[in-house]
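Just so we're clear, the structure is a prediction, and the values are computed from it rather than from any experiment.
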2 protein chains.
Amino acid sequence: MNIENSIISEIFKDIAFSKKEENLIENKLKKLNLKKGVTILKADDKVISQYYVYNGCLRTYFIDKSGKEHTLQFAINDWWISDYTAFFTTTKAVMYIETIEEATIYKISKKSMEDLFIEIPQLETFFRKKMEKAFASFQKRILASLAQSAKERYVSFISTYPNIEQSVKNYHIASYLGITTETLSRIRKEISLN
Amino acid sequence: MNIENSIISEIFKDIAFSKKEENLIENKLKKLNLKKGVTILKADDKVISQYYVYNGCLRTYFIDKSGKEHTLQFAINDWWISDYTAFFTTTKAVMYIETIEEATIYKISKKSMEDLFIEIPQLETFFRKKMEKAFASFQKRILASLAQSAKERYVSFISTYPNIEQSVKNYHIASYLGITTETLSRIRKEISLN
DNA sequence: TGATTTTATTGACATACATCAATTTTCAGT
DNA sequence: ACTGAAAATTGATGTATGTCAATAAAATCA
């Protein structure tokens, strides 16, 4: 097994591929090494790809009409990221995606995915399950925004994503939680006093 | 085409089935006539079905630790409803589902769906697309909760779902928007004055 | 290591929305 | 149509979180 193929089995952990299948996938994935602060998708772009994060950290965010940024998603090692709403419906992006840290990612186009699904049906199942998890996490987030205080959401965030907390600034976390950096700072102080 | 089969083509509008396929589906769907105020799913139940709403109105809601209800989703004519997070991951429900109005719905089990997918692959595509739309609407809702005021969210709700507004109480809408009935009432007054 | 920029904290004050209690309005059943 | 219950509204007041301005701390880089 060469280096490229080992990345395939790392990405699609629970699937056993034949040599031929691995090569098929390998040809569809494009590796990108990105510096910190690089924007790989902008609002109004056509969204034809999704990205696997090998290492580093990225985020998707939305800029509202007053110019404020709102973080929808972070992605670190072994996460997939895109503007999925646009990706699925073949509409223009509403989100931005940028690297928060230097990152290595693998890009795959929608067309490539469709081709692969025909050859390797297990891949369709793989992505469907990813999708279902993303859906569940969105639902959890909506319920949290309805039922929890800012402090509760912060505590829940850092315990659910301890690895993300290390890679992102507090103002990123604040924009994910829907609060200001000042409020987050006060919440952190309050917690540290307990 | 008999009555039962015409419901099949109503539910799966864009798919053309053979007579045999229609009968196959028909045997998996169970019709339920429900009075107003009936709970068809409770937190901690095993979730093995989803429901197609033929008419009437239902909602899924969550009860938080302080006992408050938070509405996640409404469903009227031609919508599907379930606790999808639990449905997909085969975990216990966290949501409740109840009829808000007298309703006729069709129930289908996960097992039946899996069987049908093997016989009629187009159905898998049909449900995948439903799923993608639900995902997109969840994303939109998260962004709204991050970026919009209660008033903006209410205005957006009534223009996006004018048909739902007719079937539900204001306190249901309030619990969907994450505000109190009093605040909703004041928002409504403010709008009526404009 | 020191200088500069970026990020986080703090204080004073403003505001959106919640809470509680009292009515008023609407709806449902007889 | 009448009556009681459910839903919506209103007012007074409280609270969580936002805003703005200043400063402190941390990170970056020459």
Side-chain angles (χ1 to χ4, degrees), chain A residues 35-38 56-57 59 61 63-71 74 98-102 144-158 164-194, chain B residues 35-38 56-57 59 61 63-71 74 98-103 142 144-158 164-194:
Chain A
K35 293 251 175 277
K36 178 179 173 173
V38 175
C57 184
R59 68 167 184 142
Y61 62 97
I63 300 184
D64 71 24
K65 56 184 193 306
S66 76
K68 270 187 206 138
E69 294 182 3
H70 304 277
T71 300
F74 296 110
E98 69 171 13
T99 53
I100 288 181
E101 277 181 342
E102 193 173 2
S145 82
L146 293 173
Q148 296 184 298
S149 69
K151 183 178 173 183
E152 288 170 320
R153 280 178 278 136
Y154 174 66
V155 168
S156 165
F157 176 81
I158 56 174
I164 288 179
E165 200 207 353
Q166 295 162 11
S167 297
V168 307
K169 301 295 177 191
N170 282 340
Y171 62 78
H172 288 135
I173 297 177
S175 88
Y176 176 93
L177 296 174
I179 58 179
T180 59
T181 60
E182 293 93 333
T183 294
L184 178 54
S185 177
R186 287 174 188 121
I187 288 170
R188 286 162 53 79
K189 186 180 185 183
E190 204 190 328
I191 289 171
S192 73
L193 297 177
N194 294 345
Chain B
K35 294 252 174 278
K36 178 178 171 173
V38 175
C57 185
R59 68 166 182 141
Y61 63 97
I63 301 184
D64 71 24
K65 57 185 190 304
S66 75
K68 271 187 206 141
E69 293 182 4
H70 304 276
T71 300
F74 295 111
E98 68 171 14
T99 54
I100 288 181
E101 277 181 342
E102 195 174 359
I142 292 170
S145 81
L146 293 174
Q148 296 184 300
S149 69
K151 184 179 174 183
E152 288 169 320
R153 280 178 279 137
Y154 174 66
V155 168
S156 165
F157 176 80
I158 56 176
I164 288 179
E165 199 206 353
Q166 295 161 11
S167 298
V168 306
K169 303 294 178 192
N170 282 341
Y171 62 76
H172 289 136
I173 298 177
S175 88
Y176 176 93
L177 295 174
I179 58 179
T180 59
T181 59
E182 293 94 332
T183 295
L184 178 54
S185 177
R186 288 176 185 117
I187 288 170
R188 286 161 55 80
K189 186 180 186 184
E190 202 191 328
I191 289 172
S192 74
L193 298 177
N194 292 347

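- Atom P of nucleotide C/dC17 and atom CZ of B/Arg188 are separated by 17 Å, given to the nearest angstrom.
- Taking 4.0 angstrom as the limit, A/Ser185 places a side-chain polar atom (N or O) nearer than this to OP1 or OP2 of C/dT9.
- Across all strands shown, A/Lys68 has heavy atoms under 4.0 Å from sugar-phosphate atoms exclusively, and none from any base.
- What separates CD of B/Glu190 from C1' of C/dA16 is a distance of 11 Å, to the nearest Å.
- At least one side-chain nitrogen or oxygen of B/Thr183 sits closer than 4.0 Å to the OP1 or OP2 atom of C/dA18.
- Counting to the nearest Å, the C1' atom of D/dA7 and the NE2 atom of B/His172 are 11 Å from each other.
- Of the candidate nucleotides D/dT17, C/dC17, C/dA8, C/dA8 has the atom nearest to the side chain of A/Tyr171.
- Using cut-offs of 30° and 60° for the angle between ring planes, the A/Phe157 and A/Tyr176 rings count as tilted.
- Taking side-chain N and O atoms only, A/Asn170 has no distance below 4.0 Å to OP1 or OP2 of C/dT7.
- Counting to the nearest Å, the C1' atom of C/dT26 and the CD atom of B/Gln166 are 17 Å from each other.
- Two residues, A/Lys36 and A/Gly178, neighbour DNA chain D, and the one matched to the more 5' nucleotide by heavy-atom proximity is A/Gly178.
- Proximity of B/Val168 to B/Arg59: side-chain heavy atoms (C-beta onward) are nowhere separated by under 4.5 Å.
- With hydrogens and angles ignored, no donor-acceptor pair under 3.5 angstrom links the side chain of B/Glu182 to the base of C/dC17.
- Going from atom OH of A/Tyr154 over to atom C1' of D/dA16 covers 18 Å, rounded to whole Å.
- At whole-Å resolution of the value, CG in B/Leu193 and P in D/dT9 are 12 Å apart.
- Atom CZ in A/Arg186 sits about 12 Å away from atom P in D/dT17, given to the nearest Å.
- When the P atom of D/dT17 is taken as reference, atom CD1 of B/Ile179 falls 16 Å away, rounded to whole Å.
- Between A/Thr181 and the phosphate of C/dA8, there is no side-chain N or O to OP1/OP2 separation shorter than 4.0 Å.
- Of the possible polar contacts, one joining the B/Thr99 side chain to the B/Val38 backbone as a donor-acceptor pair under 3.5 Å is found.
- The minimum heavy-atom distance between B/Glu69 and B/Ile63, with the atom names listed, is CG-CG1, 4.2 Å.
- Between B/Ala147 and B/Glu152, the shortest heavy-atom contact is O-OE1, 4.2 Å.
- Contact annotation for A/Lys189: backbone-only contact, meaning every heavy-atom pair under 4.0 Å involves sugar-phosphate atoms and none involves a base.
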